[in-house]
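Heads up: numbering here begins at 1 and tracks the sequence. Only a predicted model underlies this, so the values are computations on that prediction, with no experimental measurement involved. Scope of the values below: all heavy atoms of this structure, side chains included, with no hydrogens, waters or symmetry mates.
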Amino acid sequence: GPGAAEIVAWRRARLRKVGFETDLAEQLSRECGVDLHALIELVERGCPPQLAARILAPLEHERREC
């Protein structure tokens, strides 16, 4: 299967495609506690990327790198 680097790159590309800025997309793509599909759905419904990221940010104890 794909390695961690490929998964992160794929997640980052998906986020960039729907309008996330480079830095935010990079940060979110490495955070496995973030539901990528939920993020994209919020943005496609008109939620600004920054706000979507805040809404779906994992709690401190849920944070984990991919």
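For the atom pair Leu15 CG and Gln27 CD, the distance stands at 11.0 Å (nearest 0.5 Å). Note: Arg12 CZ to Leu28 CG = 12.0 Å, rounded to the nearest 0.5 Å. Expressed to the nearest 0.5 Å, how far CG of Leu51 lies from CG of Leu42 amounts to 8.0 Å. To the nearest 0.5 Å, atom NE2 of residue His37 and atom CZ of residue Arg14 are 6.0 Å apart. Here Ile7 contributes atom CD1 and Ser29 contributes atom OG; the two are 11.5 Å apart, rounded to the nearest 0.5 Å. Here the CD1-SG distance, from Ile40 to Cys47, works out to 13.0 Å after rounding to the nearest 0.5 Å.
Closest approach of Ala52 and Val43 over heavy atoms only: CB-CG2, 4.0 Å.
A donor-acceptor pair under 3.5 Å is absent between the side-chain atoms of Arg16 and the main chain of Glu26, judged by distance alone.
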